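Each remark here refers to the structure printed beneath this line.
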Amino acid sequence: MLNRRRSDRNRGSSETSLVARGTVIRGDLSFSGALHLDGRIEGTVLAEGDDAMFTLSEHGEVQGEVRVPQAVINGHITGDVHVSVRLELAPLARIDGDLRYHTLEMAAGAQVNGRISRLAEPAQRALAAPEASASDADEEALPA
């Protein structure tokens with residue numbers, strides 16, 4: 001948002017769906033590619049695919065849970081939000097619910113009224129420590 005070109009925001013699929021201002025969808029909505037919401041959704045918003053992008057304009061509103069990999073929010077969400085890759089909260093963003101994210105960019109003026117928690121990185125496997133040989137143990141026991 002702040003220092004990125006418009007082309008960087010639309011890296012995902014070239015297919016974009018638009019829910020226009022004044023449109024109300026009652027029920028869950030699944031999408032792939034990109035979804036730009038100027039209207040209102042009363043239900044769950046669920047993205048299919050790791051490159052899906054959800055954009056909520058300042059006129060847009062969601063009453064329900066949002067589960068997407070990437071999102072730019074500038075409207076109002078009443079419900080929990082789960083963003084697995086990157087979330088951008090613009091100045092007019094308002095979330096009334098819990099927020100779980102991996103990477104977050106939050107502008108001054110954005111509001112989150114609920115718990116905020118970062119999704120944990122996948123656990124990295126550590127190599128097992130090499131076992132000490134019997135000769136190493138004998139060397140440690142001898143005074144120097």
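This structure is a prediction, so every number in the text was calculated from the model and none was measured.
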Determine, stepwise, if the pair V62 / L37 fulfils side-chain contact (heavy atoms from CB on, under 4.5 Å).
CA-CA 9 Å; V62 175; L37 178 62; 3.6 Å; yes
Does M106 form a side-chain contact (heavy atoms from CB on, under 4.5 Å) with V112? I'd like the steps, not just the answer.
CA-CA 10 Å; M106 187 171 181; V112 178; 4.2 Å; yes
Decide yes or no on side-chain contact (heavy atoms from CB on, under 4.5 Å) for V68 and F31, but give the supporting numbers first.
CA-CA 10 Å; V68 296; F31 73 96; 4.0 Å; yes
Is there side-chain contact between [X] and [Y], with at least one heavy-atom pair below 4.5 Å?
| X | Y | result |
| --- | --- | --- |
| L104 | L89 | yes |
| V24 | E42 | yes |
| R86 | H102 | no |
| D38 | H36 | yes |
| L46 | L29 | no |

How long is the span from the [atom1] atom in [X] to the [atom2] atom in [Y], to the nearest 0.5 Å?
| X | Y | atom1 | atom2 | result |
| --- | --- | --- | --- | --- |
| R40 | R21 | CZ | CZ | 14.0 Å |
| L35 | L18 | CG | CG | 8.5 Å |
| I77 | Q63 | CD1 | CD | 11.5 Å |
| R118 | L99 | CZ | CG | 12.0 Å |
| Q70 | T55 | CD | OG1 | 9.5 Å |
| R67 | F54 | CZ | CZ | 14.5 Å |

Linking I/L/V/M/F/W/Y whenever any side-chain heavy atoms sit under 4.5 Å apart, do I116 and V83 land together?
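Linked within one cluster.
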Check the hydrophobic clustering (I, L, V, M, F, W, Y; side-chain heavy atoms under 4.5 Å; chains of links allowed) and say if V85 and V72 are grouped together.
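Not linked; separate clusters.
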Using only heavy-atom distances, determine whether the side chains of H82 and D80 contain a donor-acceptor pair under 3.5 Å.
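Not at all, the side chains of H82 and D80 share no donor-acceptor pair under 3.5 Å.
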For S57 and N74, test the side chains for any donor-to-acceptor distance below 3.5 angstrom and give the result as yes or no.
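Result is no, nothing qualifies.
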Distance-minimising heavy-atom pair for [X] and [Y]:
| X | Y | answer |
| --- | --- | --- |
| A107 | A90 | CB-C, 4.0 Å |
| S30 | E48 | CB-OE2, 3.5 Å |
| G49 | P69 | O-CG, 3.4 Å |

Check: D98 side chain, G114 main-chain N or O, donor-acceptor pair, under 3.5 Å
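No, the answer is negative, given that no donor and acceptor are paired below the 3.5 Å cut-off.
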Are R94 and D96 close enough for a salt bridge, meaning some N to O gap below 4.0 Å?
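Here R94 pairs with D96 in a salt bridge, since their nearest N and O are under 4.0 Å apart.
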